[in-house]
Amino acid sequence: MAGGKMKKEKPSHGASASKHYQGGVTFHKSKGQHILKNPLLVDSIVEKSGIKSTDVILEIGPGTGNLTKKLLEAGKSVIAVEVDPRMVLELQRRFQGTPLSNRLKVIQGDVLRCDLPYFDICVANIPYQISSPLTFKLLAHRPVFRCAVIMFQREFAMRLVAQPGDNLYCRLSVNTQLLARVSHLLKVGKNNFRPPPKVDSSVVRIEPRKPLPPVNFKEWDGLVRLCFNRKNKTLGSIFRQKSVLSLLEKNYKTVQALQLSGPSGDAETEMDLTGFGDANEDQSMELDDGRDDEMEVVDGNAGGEASDFKEKVLNILKQGNFEDKRSSKLTQVDFLYLLSLFNKDGIHFS
């Protein structure tokens with residue numbers, strides 16, 4: 001259960017299969033409310049989080065406080081963000097008058113819109129629909145936290161940890177792993193929740209990289225987004241498309257007009273991750289089915305500036321031996337090198 005966006009509940013007739021109860025509180029699947037009911041699993045998550053007695057812990061979606069109680073016992077204090085006012089009241093009632101109450105701060109609101117306070121570690125069981133934007137909101141948070149231990153839908157979690165060549169390796173994998181070390185901790189069956197979700201979940205550990213690579217993040221995401229649009233095509237095929245060449249040539253002329261030059265490493269590297277976490281991507285797997293879809297490419301015999309610019313782009317790919325490579329097999333180092341080659345020749349992606 002998490003402090004994500006709340007949706008209006010559609011009226012139902014008779015007993016609703018999407019409503020479950022605990023202590024008189026109704027849980028709604030449509031709002032991503034799935035409470036951990038297995039105490040052994042709660043203990044395991046806390047243990048694997050590596051919480052120190054001096055840690056300020058951020059919990060997203062405390063629900064009725066099953067995990068909150070264990071976090072309060074393990075750390076210095078807990079800041080809990082919860083969007084549902086009913087759950088906020090339930091949480092306050094649970095700890096009112098106990099020795100733990102002074103170490104619990106509850107923030108009522110949408111976690112994607114809240115300004116998050118300082119914290120050392122984040123522990124969260126979140127609604128699936130905010131997985132991507134929440135992940136990158138946390139990674140953009142300053143000062144940098146030590147780690148986040150988050151429950152995701154299993155397939156989303158496996159995308160986060162996927163490596164080059166894996167079927168689920170995608171733009172999400174590359175962008176997340178640029179900013180953090182990501183590891184899979186444990187698989188969680190759907191029957192460990194009340195009400196049970198439709199799919200299994202996984203707990204993932206995310207550790208922000210220190211320091212971050214010296215890269216312009218908008219440039220980086222522009223390149224990666226373009227490459228993973230058809231991740232099983234060769235880069236030579238992707239960069240021959242008219243739409244791609246037209247976009248890059250427009251950027252190239254803009255940069256020339258502004259008299260900007262030099263590699264992206266010299267550009268600003270502020271933590272602007274706008275676009276990294278597209279909410280609608282949480283529902284799509286970005287999987288290229290391998291079909292050889294027809295793509296409109298620039299005619300090799302075309303004359304003028306278009307042909308010259310095309311040759312410029314293809315020469316860059318040849319210089320780095322990228323022309324016959326596929327995005328699905330490229331590493332972080334490969335993408336960084338490719339971006340530097342383009343930027344060195346004045347070609348930019350944002």
Side-chain angles (χ1 to χ4, degrees), residues 111-116 122 130-148 150 152 156 159-164 169-182 204-229 231 235 238-239 244 247-248 250-252 254-255 258 260-282 284 286 313 316 320 322 327-328 330-350:
V111 69
L112 296 180
R113 297 180 180 181
C114 291
D115 290 329
L116 298 178
C122 172
I130 68 168
S131 298
S132 190
L134 176 61
T135 298
F136 291 106
K137 179 182 174 73
L138 290 175
L139 289 173
H141 182 73
R142 292 296 179 268
V144 179
F145 54 93
R146 188 170 75 252
C147 77
I150 303 179
F152 292 112
F156 182 91
R159 291 167 65 195
L160 286 178
V161 303
Q163 296 299 306
Y169 188 62
C170 60
R171 174 174 161 250
L172 174 69
S173 318
V174 176
N175 280 344
T176 305
Q177 292 170 32
L178 173 74
L179 304 170
R181 296 177 182 85
V182 189
V204 172
R205 182 182 182 91
I206 301 173
E207 298 178 65
R209 294 190 185 277
K210 303 174 189 176
L212 287 171
V215 63
N216 182 300
F217 298 110
K218 286 188 176 180
E219 283 259 17
W220 168 272
D221 189 49
L223 170 65
V224 173
R225 185 188 294 266
L226 189 154
C227 290
F228 276 96
N229 189 42
K231 74 174 187 177
L235 294 184
I238 291 173
F239 282 91
V244 172
L247 172 65
L248 295 183
K250 181 180 178 181
N251 289 348
Y252 178 71
T254 301
V255 169
L258 295 173
L260 294 177
S261 61
S264 62
D266 295 331
E268 60 178 316
T269 58
E270 64 181 54
M271 285 299 291
D272 184 355
L273 303 185
T274 305
F276 266 46
D278 299 338
N280 59 347
E281 288 182 5
D282 294 344
S284 66
E286 290 181 339
V313 169
I316 293 172
F322 285 109
S327 304
S328 59
L330 296 185
T331 65
Q332 295 281 332
V333 173
D334 290 331
F335 281 113
L336 286 168
Y337 180 43
L338 180 58
L339 181 59
S340 71
L341 290 177
F342 275 115
N343 287 168
K344 185 177 179 181
D345 267 12
I347 298 176
H348 295 266
F349 294 84
S350 66

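The two residues Leu139 and Arg142 come nearest to each other via the heavy atoms O-NH1, 3.2 Å. For the residue pair Phe145 and Ile206, the shortest heavy atom distance occurs at CE1-O, 4.3 Å. Across all non-hydrogen atoms, the minimal contact from Leu223 to Leu339 is CD2-CB, 3.7 Å. Closest heavy-atom contact between Leu341 and Gly320: CD1-CA, 3.8 Å.
Leu226 contributes atom CG, which lies 6.5 Å from atom CD1 of Ile238 (distance to the nearest 0.5 angstrom). For the atom pair Lys137 NZ and Arg113 CZ, the distance stands at 11.0 Å (nearest 0.5 Å). For the atom pair CG of Leu178 and OG of Ser173, the computed distance is 12.5 Å after rounding to the nearest 0.5 Å. Within the model, atoms OG1 of Thr176 and CZ of Arg181 stand 14.5 Å from one another, a figure rounded to the nearest 0.5 Å. In this structure, CZ on Phe276 lies 4.0 Å from CG on Asn175, to the nearest 0.5 angstrom. Between the NZ atom in Lys231 and the OG atom in Ser328 there is a gap of 6.0 Å [rounded to 0.5 Å].
Counting only heavy atoms from C-beta outward, the side chains of Asp221 and Arg171 approach each other to under 4.5 Å. Looking at Val255 and Ile347, their side chains never come closer than 4.5 Å, going by heavy atoms from C-beta outward. Leu172 has its side chain out of reach of Thr135: every pair of non-hydrogen atoms, C-beta onward, lies at least 4.5 Å apart. Contact check for Leu138 versus Ile150: side-chain heavy atoms found under the 4.5 Å cut-off.
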Please assess Leu179 against Phe136 for the test side chain to side chain contact (heavy atoms under 4.5 Å, CB included), listing each intermediate value before the final yes or no. CA-CA 9 Å; Leu179 304 170; Phe136 291 106; 4.0 Å; yes
Check the pair Leu116, Val111 against side chain to side chain contact (heavy atoms under 4.5 Å, CB included), reporting the backbone distance first and the verdict last. CA-CA 8 Å; Leu116 298 178; Val111 69; 4.1 Å; yes
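For Asp334 and Thr331, the side-chain atoms include at least one donor-acceptor pair closer than 3.5 Å.
Looking only at distances, no side-chain donor or acceptor of Asn216 sits under 3.5 Å from a matching main-chain atom of Trp220. A donor-acceptor pair under 3.5 Å links the side-chain atoms of Tyr169 to the main chain of Leu330, judged by distance alone.
In terms of the ring-ring contact (aromatic ring centres under 6.0 Å, His included) criterion, residue partners of Phe342 (sequence neighbours excluded) are, by chain and number, Phe239, Phe349.
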Distance-only donor-acceptor pairs under 3.5 Å for side chains of residues 207-215, two or more places apart:
{"residue": "Glu207", "atom": "OE2", "partner": "Arg205", "partner atom": "NE", "Å": "3.4"}
{"residue": "Arg209", "atom": "NE", "partner": "Gln177", "partner atom": "O", "Å": "2.9"}
{"residue": "Arg209", "atom": "NH2", "partner": "Gln177", "partner atom": "O", "Å": "3.1"}

